[in-house]
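Next up is a structure, given as C-alpha cells.
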Amino acid sequence: MKIVMLNGQNHKGSTYNIGKSIADKIEGDNEIKEFFFPRDLNHFCLGCYKCIEDQSACPFYEEKKTIVEAIDKADLLIVTTPTYCMHMSAPLKSFFDLTFDLWMPHRPMKSMFKKKAVIVSTAAGTGVKSAMKDVEDCLFYLGVPSITKYGLPVQASSWAEVSDKLKAKIDKDTSAIARKLSSGDKASVGIKMRFMFSMMKMMQKKGWNSSPVETEYWKSMGWLDNKKPWEM
C-alpha cells in the first residue's frame, strides 16, 4: 500500500506521532511518503486564478506538483493537524487553498474517488472536531469517499507530556484503525458524493463553470456522458 502523510506542522508532536503510529501499524509491505507544512510548501494562494486556465501557471507549481503526484499515486492519505485556534493549522489550510483547482467543481483527479483517508487532530483542550471538519470538507471536495477521523484532547503541549494512560488508549485506538485499513476493502462512494458529482456534471454541461478548459477536461474524462470516476 502506498501511504502519503500530509502533516500540518513541521515538528513531530502528538498529532504527528498518532498519525505515524497508524501508518506503521498497517499490515503489508507499505511505502510511506511524508510531507510537512510549511516546510514542503511555504506559500499562500495569491488568488491569481492562473491555474484555472493552465495548472502549470501557478507560481508555486513545481513545489505543488511533487506533492500532488505523490497523492495521485497513493492508496491512503493520512492528514495530521494540531488544532490552531479551533481549526486546522494555517500551513495545512494554505496547502488546500493551493489545490482548489483539483476540487470537484474544477478538474478533480479520478484517482481521488478510490482513496481512503484518515484525519488526525489533537489539542491541549478543545477544538479537534472543528479542525477535523475543516480537513474533511477539503478531502470531500477533492473526491475522497472514505474518511476516518480520530481526534482527542491530549492535555499536553508535547508528545512527551502525554500521560501513559492516554498513550495506552491511543495505542489501542490506532491499532483498531490500522486493522480496519489493513482489510483491503475498497472505498465506497456514498450518496452525498454521488449527488455532488452529479451537480458538478450539470454545472459543466450548462457552462456554469469557471472556464471552458474545465469543461473540456470533464469531456475528455467521459464524465459528461455516463462514466463515473469511481467506476473507471
Side-chain angles (χ1 to χ4, degrees), residues 1-26 30-45 60 63-64 66-68 70-71 74-99 115-140 142 144 147-182:
M1 181 185 296
K2 291 185 178 181
I3 302 170
V4 166
M5 288 187 67
L6 303 173
N7 300 296
Q9 69 286 310
N10 287 339
H11 65 278
K12 297 180 179 181
S14 300
T15 314
Y16 170 82
N17 275 280
I18 294 172
K20 188 63 164 58
S21 177
I22 293 171
D24 289 341
K25 290 177 178 179
I26 295 173
N30 303 316
E31 175 188 320
I32 303 173
K33 188 167 289 189
E34 301 181 45
F35 296 99
F36 295 83
F37 305 111
R39 187 192 74 184
D40 294 316
L41 191 62
N42 191 17
H43 302 288
F44 292 106
C45 177
F60 318 117
E63 291 165 87
K64 187 170 70 172
T66 300
I67 303 170
V68 170
I71 291 173
D75 302 296
L76 172 68
L77 306 177
I78 298 179
V79 187
T80 73
T81 178
T83 301
Y84 280 21
C85 298
M86 305 291 287
H87 294 280
M88 79 165 92
S89 73
L92 184 61
K93 177 63 165 62
S94 293
F95 166 73
F96 283 122
D97 288 345
L98 284 164
T99 54
K115 296 189 191 304
K116 293 183 179 182
V118 179
I119 303 169
V120 177
S121 185
T122 66
T126 189
V128 293
K129 287 185 178 180
S130 50
M132 291 191 296
K133 182 65 165 58
D134 290 341
V135 179
E136 183 181 26
D137 288 344
C138 292
L139 291 176
F140 174 82
L142 282 166
V144 180
I147 301 171
T148 299
K149 296 182 289 184
Y150 184 71
L152 75 169
V154 293
Q155 301 298 324
S157 59
S158 70
W159 182 240
E161 295 175 1
V162 177
S163 70
D164 290 339
K165 182 179 179 180
L166 186 54
K167 282 183 176 177
K169 170 181 166 50
I170 292 169
D171 181 60
K172 182 179 179 180
D173 293 344
T174 53
S175 294
I177 293 171
R179 280 196 301 272
K180 181 181 177 182
L181 295 169
S182 300

Under the side chain to side chain contact (heavy atoms under 4.5 Å, CB included) rule, collect the residues that match up with Val128, sequence neighbours excluded.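 Checked Val128 against side chain to side chain contact (heavy atoms under 4.5 Å, CB included); matches are Thr83, Ser121, Ala123.
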
Which residues pass the side chain to side chain donor-acceptor pair (under 3.5 Å) test with Thr81, sequence neighbours left out?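 For Thr81, no residue satisfies side chain to side chain donor-acceptor pair (under 3.5 Å) once neighbours in sequence are set aside.
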
For a side chain to side chain contact (heavy atoms under 4.5 Å, CB included) with Ile18, tell me which candidate from Val120, Asp171, Thr80, Ile177 qualifies.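 Option passing the side chain to side chain contact (heavy atoms under 4.5 Å, CB included) with Ile18: Val120.
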
Partner residues of Lys169 under the salt bridge (charged side-chain N to carboxylate O under 4.0 Å, His left out) criterion, sequence neighbours left out: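 Expected list: Asp173.
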
Listed by chain and number, what are the salt bridge (charged side-chain N to carboxylate O under 4.0 Å, His left out) partners of Lys116, not counting sequence neighbours?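 Lys116: no salt bridge (charged side-chain N to carboxylate O under 4.0 Å, His left out) contacts found.
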
Please report the interatomic distance CG(Leu152) to CG(Leu166), rounded to the nearest 0.5 Å.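 Output value for this atom pair is 5.5 Å.
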
Looking only at non-hydrogen atoms, find the nearest pair between Gln155 and Gly125 and report the distance.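 Minimum heavy-atom separation between Gln155 and Gly125: NE2-CA, 4.2 Å.
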
What residues, two or more places apart in sequence or in another chain, satisfy ring-ring contact (aromatic ring centres under 6.0 Å, His included) together with His43?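 Counting only residues at least two positions away or on another chain, His43 forms a ring-ring contact (aromatic ring centres under 6.0 Å, His included) with Phe60.
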
Under the side chain to side chain donor-acceptor pair (under 3.5 Å) test, residues paired with Ser157 that sit two or more places apart: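 Only Glu161 meet the side chain to side chain donor-acceptor pair (under 3.5 Å) criterion with Ser157.
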
Tell me whether Asp134 contacts the main-chain N or O of His87 through its side chain, where contact means a donor paired with an acceptor under 3.5 Å.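 Between the backbone of His87 and the side chain of Asp134 there is no qualifying donor-acceptor contact (under 3.5 Å).
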
Is there a side-chain contact between Asn10 and Pro38 (heavy atoms, below 4.5 Å)?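 Of all side-chain heavy-atom pairs linking Pro38 with Asn10, at least one is under 4.5 Å.
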
My understanding is that only residues two or more places apart in sequence, or in another chain, count here; which of them pass side chain to side chain donor-acceptor pair (under 3.5 Å) with Lys133?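 Partners of Lys133 by the side chain to side chain donor-acceptor pair (under 3.5 Å) criterion, ordered by chain and then number, come out as Asp137.
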
Lys129 side, atom NZ; Met86 side, atom CE - distance, nearest 0.5 Å: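 Rounded to the nearest 0.5 Å, the NZ-CE separation comes out at 11.0 Å.
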
If I compare all heavy atoms of Ser89 with all of Gly8, which pair ends up nearest, and what's the gap?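 Looking at all heavy atoms of both residues, the shortest contact is OG-O, 2.7 Å.
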
Over 12 foreign heavy atoms within 6.0 Å of NZ, Lys20: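 Yes, because the 6.0 Å sphere around NZ of Lys20 holds more than 12 heavy atoms from other groups.
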
For Ala156 and Val162, work out which heavy atoms get closest and say how close.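 So the two residues come closest at CB-N, 3.8 Å.
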
Check ring-ring contact (aromatic ring centres under 6.0 Å, His included) between Phe140 and all other residues, then give those that pass, not counting sequence neighbours.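 Expected list: none.
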
Residue list, salt bridge (charged side-chain N to carboxylate O under 4.0 Å, His left out) with Lys115, at least two apart or on another chain: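 Residues passing salt bridge (charged side-chain N to carboxylate O under 4.0 Å, His left out) with Lys115: none at all.
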
Measure from the side-chain N and O atoms of Asn30 to the backbone N and O of Asp24, and report whether any donor-acceptor pair falls under 3.5 Å.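 Not a single qualifying donor-acceptor pair exists.
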
Supply the atom-to-atom distance Leu181 CG to Leu76 CG, rounded to the nearest 0.5 angstrom.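 With rounding to 0.5 Å, CG (Leu181) is 5.5 Å from CG (Leu76).
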
Asp40 and Glu34: which non-hydrogen atoms are nearest, and at how many Å?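 In this case the closest contact between Asp40 and Glu34 is OD2-O, 4.4 Å.
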
Heavy-atom donor-acceptor pair, Thr122 side chain to Val154 backbone, under 3.5 Å: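 Side chain of Thr122 to backbone of Val154, a donor-acceptor pair under 3.5 Å: no, none is there.
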
Quick check: closest heavy atoms across Leu41 and Glu63, and the distance to 0.1 Å?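 Scanning both residues, the minimum pair turns out to be CD1-CB, 3.5 Å.
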
State which residues pass side chain to side chain contact (heavy atoms under 4.5 Å, CB included) with Lys33; sequence neighbours excluded, sorted by chain then number.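 By the side chain to side chain contact (heavy atoms under 4.5 Å, CB included) rule, Lys33 matches Val4, Glu31, Phe35, Ala70.
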
Identified ring-ring contact (aromatic ring centres under 6.0 Å, His included) partner of Tyr16 from the options Trp159, Phe36, Phe37: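 Per the ring-ring contact (aromatic ring centres under 6.0 Å, His included) rule, the option paired with Tyr16 is Phe36, out of Trp159, Phe36, Phe37.
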
Might you point out which heavy atoms bring Lys25 and Thr174 nearest each other, and give the distance in Å?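 Smallest interatomic distance, heavy atoms only, reads NZ-OG1, 2.8 Å.
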
Partners of Glu136 by salt bridge (charged side-chain N to carboxylate O under 4.0 Å, His left out), sequence neighbours excluded?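 Per chain and number, Glu136 pairs via salt bridge (charged side-chain N to carboxylate O under 4.0 Å, His left out) with Lys149.
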
Mind checking ring-ring contact (aromatic ring centres under 6.0 Å, His included) for Tyr150 and listing every partner two or more places apart, or none if nothing turns up?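 By the ring-ring contact (aromatic ring centres under 6.0 Å, His included) rule, Tyr150 matches no residue at all.
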
